[in-house]
Amino acid sequence: MAAAVVGAVALPASAADHHGRPYRPAVYISDVQYDSPGRDDRSNRSLNAEWVEITNDSRRAVNLDGWTLEDEDGHTYTFDHYRLSGRATVRVHTGIGRDSRSDVYQDRRAYVWDNHSDTATLRNDRDRFVDEVSWGYDRDHRGDDRHHGGDHRGDGWRHGGGHRGDGWRHGGDHRDGHRG
């Protein structure tokens, strides 16, 4: 049972609507697979099938050294000497592995992301909020909390703000005090 979700940063509606298109930061959480496929047997293979993707949409590389990715329980991964190229994505796996340009590993022996509800929060090296994605707090009419990429309209996922008028659900408390 794989699940995926996409996020955006919180921003006032006026800023999002200024140019007639939603605001999205250069670096953001682009996808999450919080429920690894198959049985949760705590094998390294299963742990590494649980991941969060971080995307840089700008043309310039971004130094992620000191940036953090955290769940609601305080499990924190800190990027160490990692530079995300322009127009690139890195996948942050839960288990043990060898870091590469496209995949980094938290080197954990237990799952991080809750299969029922959780929030992934990305912060920069100054501990400033960059993006967050939440799942499992609302459910669609079928009660299904699984989603496989693509359009997330009406699917029960909560995202940070910034997608005003495009059908994304808003609301929820951001850890930095903003309200989406």
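Below, all heavy atoms of this structure are taken into account, side chains as well, without hydrogens, waters or symmetry copies.
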*Donor on one side chain, acceptor on other, Y105 and T94, under 3.5 Å*: no
*With a 4.5 Å limit on heavy-atom distance, are the side chains of L69 and V52 in contact?*
yes
*For the residue pair D125 and N63, confirm or rule out a side-chain donor-acceptor distance under 3.5 Å.*
no
*Is there a donor-acceptor pair closer than 3.5 Å between any side-chain N or O of T68 and the backbone N or O of E70?*
no
*In sequence, state the C-alpha distance, the side-chain angles, and the governing distance for E53 and V90, and then conclude on side-chain contact (heavy atoms from CB on, under 4.5 Å).*
CA-CA 6 Å; E53 286 186 344; V90 62; over 6 Å; no
_Tell me if a side-chain donor or acceptor on N44 pairs with a main-chain N or O of G95 at a distance below 3.5 Å._
no
*Assess the side chains of E72 and T119: does a donor N or O sit below 3.5 Å from an acceptor N or O?*
yes
_Atom pair OG (S85) and CZ (R59), whose distance is rounded to the nearest 0.5 Å_ = 15.0 Å
_Same apolar cluster: V92 and L47, side chain cutoff 4.5 Å_ = no
_I96 to D107 - nearest heavy-atom pair and separation_ = CA-OD1, 3.4 Å
_With rounding to the nearest 0.5 angstrom, report the OG1 to CG distance, T89 to N56._
8.5 Å
*Taking atom CZ of R101 and atom CZ of R83, what is their separation to the nearest 0.5 Å?*
12.0 Å
_Heavy-atom side-chain contact between I54 and I29 under 4.5 Å_ = yes
*Specify the closest pair of heavy atoms between D114 and Y34, including all atoms of both residues, with the distance to one decimal.*
O-CD1, 3.7 Å
_Validation row: W67, T78 side chains within 4.5 angstrom (heavy atoms)_ = no
*In Å and rounded to the nearest 0.5 Å, what is the OG to CG distance from S134 to D118?*
8.0 Å
*First locate atom CG of D99, then atom CD of Q106, and finally report the distance between them rounded to the nearest 0.5 Å.*
10.5 Å
*Please report the shortest heavy-atom distance between T55 and S30, naming the atom on each side.*
OG1-OG, 2.5 Å
_Test of understanding: clusters of I, L, V, M, F, W, Y form through side-chain heavy atoms closer than 4.5 Å, transitively. Do V27 and V133 belong to the same one?_
yes
*Would you please classify the geometry between the F79 ring and the Y82 ring as parallel, tilted or perpendicular, with 30° and 60° separating the classes?*
tilted
*Test item: R42 and Y111 side chains (from C-beta on) under 4.5 Å apart, heavy atoms*: yes
*Would you confirm whether S43, through its side chain, and D41, through its main-chain N or O, come within 3.5 Å as a donor-acceptor pair?*
no
*Would you give the length of the straight line joining atom CH2 of W51 to atom NE2 of H93, rounded to the nearest 0.5 angstrom?*
8.5 Å
